[in-house]
Amino acid sequence: MTKDDVADALDEIGTLLELKGENTFRTNAYHNAARLIQQLPGDLAQMVADGKLAEVRGIGEALALKITTLVTTGNLPYLEDLRASIPAGLVKMLRLPGLGPKKVKALHDLLNIDSIEKLKAACESGEVAKQKGFGAKTQTRILEGIAYIDQVGHRVRIDLALPLGQALLEQIRTFPGVIRAELCGSLRRRKETVADLDILVSSANAQPIMDAFVKIPEVIQVLGQGPTKSSVVAGLHVHGTKVTLQADLRVVEDTQYPFALHYFTGSKEHNIRMRQRAIDRGLSLNEYALANETRSVPCKDEADIFAALDLPYIQPELREDTGEIEAGELKKLPALVADSDIRGVFHNHTTYSDGTASLEEMALAAKKLGFEYFGVGDHSQSLTIARGLPSNVVRKQWAEIDRVNAKLDGVRILKGSEVDILEDGSLDYTDELLAGFEYVVASVHSHFGMTEAEMTARVCKALSHPAVTMLGHATGRLLLKREGYKINLDEVLKVAAKHGKMIEINAQPSRLDLDWKYVKQAKAMGIPIVINPDAHSTGELALYTFGVQVARRGWLTKDDVFNTRGLADVMKELARRKQNPIV
DNA sequence: GCCGTTTTCGGCCCGACTGTTTTCAGTCG
């Protein structure tokens, strides 16, 4: 059982207990434990075996026992019993906006409703509105929610959400009376996907801004409008995709803005820690102030708030309560890598395989972005669907690279390949041909259905090959579409560290693996990370920025990322690795 | 369910908005 599986089980227990009407502090303990497990570094089974589980703050005797049962047996009778006692439809009903555990439980107790279908029928017949605590508006809202959940009740990738957020923000900034305005929430923390947009504005007069906001052309529906907070559904076409998201706008006084900015940036878990920190110092922190009955600490920006709580400024990407508070106390927060640190890229495609631009076009586009090197990583021969290169074409490409390099100025093409890791873990070219590349990206593109043990062994075998420089997209996931293949990344990282291999952050916004939680782990193990756009066109080279965001969420500094090095340094290191592979 | 130099019991972050209410519970973030 993976950490994610265990976390899912604990989350489910928390949710089911909520539906039973349990004390929220108890249910929160489960949700909190789920988060802790997910972000735990190292091997969970090993921790369980060593009896180290209860040492984690937030996991006590009861949770340690349940987690141990889950990890060692693969299931948990306590969860099975809970599931059996609560209809699965109730959990689905929780996804409807405006319906929480209390209302879902009431609907079940009063009207025996245990599915969205039954709920819809009961609303349409007017039964729901007759119940105590419910009314006509709630009934309508539920029906709207059932329709809404099909359209927008889902998460959206950051590359699609960001343009919509920025479109709204730009218009809001032109409203009269707006002093400061920013996108907050998970978008500001640069999560891979977001569920909604949080927009914060400071102004002396909120009402006109509220009124103007709901009239923005992108606004499809107004969900709610109060004196300082409005919620809408907004939509925009981004690269041909219709993006629809809920957007919440909050307006505060300008003196309150830093507190609100911090508050609405989250994460919730980070905020709870910060609040606790304020309480420890005899103060109360909320979205308006850091104060108590006798005094209020003025803060002109977020840095002042952190300083008032004896912390250095913490970048939004780190605010997940995964150690940033503790690192801040010790003055050990990383100086995060930035877009401007990236000097080149390694994993890209040209017209030789499934790219849309020539070698020279790609190299010139890379130069335009300020890169010193452009690494070609076209597909290898067995990936015929992507026109993988047979060995004779590889040699032809090398000759062209030499010709183009001879006339290029200020950018150099590096001879690489994205070599398939075959079913048995061997590589898709002969050792002789592999020796001719300046570097090799090894990736899995086939047989996704293997067991975890098989896939782990396959990738680990490839990583032990001396010709391999780095591992390409580590899990093969497609965000919001397809789970990655089953693989034990803890084991893969161990093998990568042992053989001195690098691991890629694939910057395609639809992929973004290695996931940031493992990026952090890889850094701790001393594994160099490479940020690759996996560009199939000149325009896609710019996607590297989404990889930088993952790197930042994974606490990486410039020194942790291989492609922040200049051309001379990179060529020297690649040559050194070829001379002395660690096997 | 967790946690403890105020502790092994009694706390556990906090405010806006909505709808169904005559003062507040539930939901949401």
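Everything quoted here is computed from the prediction, not taken from an experiment.
Not a single ring pair (Phe, Tyr, Trp, His ring centres under 6.0 Å) links A:His31 to another residue, sequence neighbours left out.
Residue A:Ser284 has no polar side-chain atom (N or O) positioned under 4.0 Å from OP1 or OP2 of B:dG15. Checking the phosphate oxygens (OP1, OP2) of B:dT20, a side-chain nitrogen or oxygen of A:Thr138 falls inside 4.0 Å.
Closest to the A:Lys137 side chain, of the nucleotides B:dG19, B:dG29, B:dA16, is B:dG19. In the set B:dG29, B:dG15, B:dG1, B:dG15 carries the atom at the smallest distance from any side-chain atom of A:Tyr288.
Under 3.5 Å, the side chains of A:His270 and A:Glu324 contain a donor-acceptor pair of N or O atoms.
One N or O on the side chain of A:Gln139 and one on the backbone of A:Ala129 form a donor-acceptor pair closer than 3.5 Å.
One atom, CG of A:Leu10, and another, P of B:dG1, lie 12 Å apart when rounded to the nearest Å.
Remark: B:dT8 base-pairs with no nucleotide in the shown strands. Criterion, Watson-Crick or G-U wobble with two distances under 3.5 Å.
Just one residue in the list A:Lys517, A:Arg477, A:Arg511 forms a salt bridge (Lys or Arg N to Asp or Glu O under 4.0 Å) with A:Glu192, and that residue is A:Arg477.
Nucleic acid contact class of A:Ala278 (heavy atoms, under 4.0 Å, all strands): none. Residue contacts for A:Asn28: at a heavy-atom cut-off of 4.0 Å it reaches no nucleic acid atom on any strand shown. At a threshold of 4.0 angstrom between heavy atoms, the contacts of A:Arg141 with the nucleic acid are absent. Within the 4.0 angstrom heavy-atom criterion, base atoms lie near A:Asn23. Contacts of A:Phe264 with the nucleic acid, taken as non-hydrogen atoms under 4.0 Å apart, are absent.
Pairs of residues two or more places apart, or lying in two chains, that qualify as ring-ring contact (aromatic ring centres under 6.0 Å, His included) and include a residue from residues 281-323 of chain A are A:His262-A:Phe306, A:Phe306-A:Tyr313.
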List every contact pair, protein side and nucleotides 21-26 of chain B side both N or O, where the distance is under 3.5 Å.
none

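Looking at every heavy atom in both residues, A:His108 comes nearest to A:Ile113 through CD2-O, 3.4 Å.
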